[in-house]
Visitor: 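A single structure is presented below for examination.
In what follows, chains carry the letters A, B, and so on, assigned in the order in which the sequence lines appear, proteins first and then strands, with residues in each chain numbered from 1.
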Amino acid sequence: MKSAHKVSTHTSLSLMIMAIFLMTKMMPAQDHPDLPEGDQCIKCHMEQENMPEDFSDFDTHLQKNLSCAGCHGGDASKEDMDEAMNPKKGFIGVPAKKDIPRLCGKCHSNIDFMRSYQPRISTDQVDQYYTSIHGQKLKQGDKKVADCTSCHTGHSILSAKDARSSVYALNVPGTCKKCHSDAAYMKEYNIKTNQYEEYAKSIHGIALLQDLDTSVPACNDCHGNHGAIPPGVKSISHVCGICHSNNMQYFSASTMGKIFAEEGLHACEECHGHHLIKKTNDDMIGIGENSVCLNCHSQDDEGAKIAEEIHADLHTTVATYDSAQKVQKRVQQIGMDDVEIGYLLQDSHQSLIQARTLVHTFNPEEVDKKTGESLKNSEAALSLADQLIKDYNVRRKGFSIATIFITILVIALFFKIREIDKKEKIKQS
Amino acid sequence: MIKQFLASSYDWLDARFNLTPLIEFMQHKKVPVHRHSVWYYMGGVTLFLFMVQVFTGILLLLYYQPGTDSAFESVRFIMTKVQFGWLFRSIHSWSANLMIFFIFVHMFSTFFTQAFKKPRELTWISGFALLMLAFGFGFSGYLLPWNELAFFATKVGTDITGALPLIGDMIKTVLRGGEEVTGGTLLRFYAFHVAIIPATFTIVLGIHLLFVQRQGMHEPDYMENLPQEKKKMISFFPNFLLRDALLWLIVLNILLFLAVFFPWEIGQKADTFSSAPQGIRPEWYFMFMFQSLKLLPAHILSIEGEVVGVLFFVVVAIIWLLVPFWELKSPRTKGMRPMTLIGLVGIIFILVMTIIGYLN
C-alpha cells in the first residue's frame, strides 16, 4: 500500500514536470497572442531566436496585420526558406539606408491607401523629410543622418499619441538626444551637442520632462517633425509666435521689430535665447543687472529710459498685487469671506499678464493701460480686505461685550441660587 | 415698583389661566441631590441646544434657497451679506455638533447610572429615537450648503445605507431621490431637515419630557433604599431650573465664542462631475462607523465586508435600544458592573475608531 502510494506520487511528479516543460516550449506563442497566425517569417525567426533587436509585438503595423513581408518583401505563407525569401517574390532583405524613406513612402505617401487606416492622415512626410538637413544629406550619401527608423524605430513603431512610442511628446527629446548629444558622432557636422542639456534646464524642458506637461514644445514643435522647419515659417524664431501669438504680433508691429528685421536679428532669441529659454521675469527689462536691454542699449540712451520706465511701472504693479495677496491670506485665516477679493485679484493678475505681454510693444503708454487696471483692482482688493479685517475686529469686540453681559448674568444667577439655598436651609432648620 | 408690576401681572394671568396649581406642582416636584446629580443637567443642555437650533434654523430659513444653483450661493450670501448671518449660521452649525455631543453624554450617563431601568424603559426608547432623529438632522443638514465635502460625504453615506441587504437599495433610492446624489437629493434632504425630522423630533421630545415629568428623576440604588427624610432633595422650581439656566448661559457663551473665533467654513461649491477630492469624511459622530467599515476586509466568509459591518451596527443599535429589557445582573467583577464594562468598551471603541479616522 505504502509503495503503491510512492509510485503514484512519483508518476504525478513526472507528469507535472513534463507538463511544465511542454508549457515552457509553448511559451513564445502564448507570449505573443496578437501575432498574425500562419506568418512563416515570424514563426521561423522566433524558433531560431533570430528576431530584430528592437522587435515588439505592439508595433502598429504588426497590429494591423502588416508583417515582415510588408516591408522586406517575400512570401510569408511559405514554410520553405528559399521560397519565402525569394527575390523574385519581391524579397529585398535588409533595406539600404538611402532607400528607407522611399520604402516607407510606398504606403505613407499613398493617400488612397493610408485613408483606409486614418481618414485624415497626412501623406507628405517623405516630401518634407527630403527638405530637411537629414533628408538632403541622406540624398548626398551620408550614412549617419537620421532616416525614418532612427526616430520611429524599425520594429516597435507606434502612433505619436501612444506613450510607449519613441516619438511621443515626452520621449522626443530623448530620441533626438541619441545622436545630437553624442559629441563623437556629431563631430563631423560641426554643430553643438548641448541642446538637450540646455533644453532640459529651460522652462519648456522642465515643464515637459519634469512636470510631464505634453502641451509644451519638444524639439519637433520648433524644428519640425519631418521637414527642416514647419511649412510657411521663415525662421525658427518665428515658430515662437505659434504659441506666443500676441507677443509675436506686438513685437512685429513695434519699432523694435522693424529694426530687428532690418538688422537681420532673430526676433525672440536675441532676448530669450533658444534652447535654454528661462522663465521670464520683470527684471529682464530696464537697466538692472539682469536686463537684456543693455545687451544692445547703453544705460543712458532713449531706449534704456523707456525700458526703465516700463520696468518701474511693472515693479509697482507687482508689489501692490503681492501685498494684496498677503492680505487676502490674512482674511482667509480669520475666517472672513475672501471671494470678492479673489475675483479682484484674478482680474488684477489677468491685467498684469496682459501688461507683460504688452512689454513687447516697447511702448510705456500701452503697458501703463494694463498696469493701471491691475493696480486699480489690487487697491480695491486691499481696501476690501481692510474693511473685512475691521469687521472682524468689531465682531470680536461685540463678542467681548456679550461675554461680559452673560458672565454678569451667570454670576448673578449663581448668587441668587446660593441665596435661595440659604433661605431654604434656614427654613428647614 | 417692578415687583408690584410683576405681582399684578401674575395675578392677572392667574385669574385667567389658574397658574397657581402649576407653580405649586413645580415647587413640590423634587430633584434628588447626590454625587452623580451633575448628569441630570445634560438632558437640559441638550434641550437648550435644540431650542437654539430651532431659533437659528428659522432665521436661516428666511434666506436659504435649496437647489444646485442656489444652495451654496445662498449660504454664502447669509455668511457675507446678511446682517449677523455669519453669526447665526456658525451658531447653528456649532450648536448642532454640541447638541449631538450632549446627547451622547446624556445617553451614556443614563446608561452608567442605570436610569433606563424599570419604570423608565420607554423614556430610554424615546431617547434612542431622539438620537436617531438627531443623526438624521446632522446627515441631512450637512448636505444643505451643497459644498464639495458635503456632496461626497452624502454620496459615501448613502452608498453605505445601500449596503444593507434586501432593503438597502430601496432606502438608498428613497434617500437620494434617484440613482445618484443630485439636486433632487438636496431638495429631499431640505424637506427632511426643515419639516419631516423637526416635526417628528418635537413630538418624540414632547413624549420624552412628559415621561420625565411623570416619573421624576431617577435615584441611584443606594438612595432609593434610604428613608424619605434622609434623602437630600431640592425643588425643581426654582432651585433646579435656575441651575439649569446657569449652565445654559455658560453653554451660550461657549457657542458665541466658537462662532466668533471659529466661524463655520463654507468650503468649495460641489461639482457633481468632478472626482472625489482627498480627505472626504463624514461628520465626527459618524466617523467611528465610517472608519470601522473602512478597516473591514473586502470579504468576510464570502459576504462583502461592508455588508457585514453595516449589519453589525444595525444589530448593535437594536441591542442598545433594548438595553432595559436584557440588562445583565451578574455580580460585579473587580468592582465593576458588567453593564458598566459594556458601556466602557462601547465608549473606547467609539473613541479609538474616531481618532484613527481623523489620523488617517
Visitor: Flag the one option from B/Ile266, B/Val260, B/Ile250 with the top tally of heavy-atom pairs under 4.5 Å to chain A.
Guide: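 Option with the top pair count is B/Val260.
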Visitor: Please determine if A/Asp421 and B/Arg243 form a salt bridge, counting it only when a charged side-chain N lies under 4.0 Å from a carboxylate O.
Guide: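 Salt bridge: yes.
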Visitor: Select one option (side chain, backbone, both, neither) describing which atoms of B/Trp86 are under 4.5 Å from chain A's heavy atoms.
Guide: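 The side chain, not the backbone.
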Visitor: Could you check whether A/Glu373 pairs with A/Lys370 (Lys NZ or Arg NE/NH1/NH2 to Asp/Glu carboxylate O, under 4.0 Å)?
Guide: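 Looking at A/Lys370 together with A/Glu373, the answer is yes, because their closest N to O distance falls below 4.0 Å.
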Visitor: Between B/Phe84 and chain A, which part of the residue has a heavy atom less than 4.5 Å away: side chain, backbone, both or neither?
Guide: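 Contact with chain A: none, neither part.
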Visitor: Name the option with the most non-hydrogen atom pairs under 4.5 Å to chain B; the candidates are A/Met336, A/Arg395, A/Lys416.
Guide: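 The candidate making the most pairs under 4.5 Å is A/Arg395.
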Visitor: Using a distance-only test with no angle check, is there a side-chain donor-acceptor pair under 3.5 angstrom linking A/Asp313 and A/Thr371?
Guide: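 A/Asp313 vs A/Thr371: donor-acceptor pair found between side chains.
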Visitor: Around atom OH of A/Tyr392, are there more than 12 heavy atoms from other residues, nucleotides or ligands closer than 6.0 Å?
Guide: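 More than 12 within 6.0 Å, yes.
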Visitor: Where does B/Ala259 contact chain A at under 4.5 Å (heavy atoms): side chain, backbone, both or neither?
Guide: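 Neither part.
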Visitor: Compute the ring centroids of B/Tyr40 and B/His34, then answer whether they are less than 6.0 Å apart.
Guide: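 Yes, close enough.
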Visitor: With chain A, which of B/Leu87, B/Asn253, B/Leu249, B/Leu252 has the greatest number of heavy-atom pairs at distances under 4.5 Å?
Guide: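 Top option by heavy-atom pairs under 4.5 Å: B/Asn253.
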Visitor: What verdict does the salt bridge (charged side-chain N to carboxylate O under 4.0 Å, His left out) test give for A/Lys423 and A/Glu419, after you've listed the backbone C-alpha separation in whole Å, the side-chain angles of each residue and the deciding distance to 0.1 Å?
Guide: CA-CA 6 Å; A/Lys423 270 184 193 170; A/Glu419 190 194 315; 3.4 Å; yes
Visitor: Do you know which of B/Ile234, B/Leu246, B/Thr80 has the most heavy-atom pairs under 4.5 Å to chain A?
Guide: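 Maximum pair count with chain A is reached by B/Leu246.
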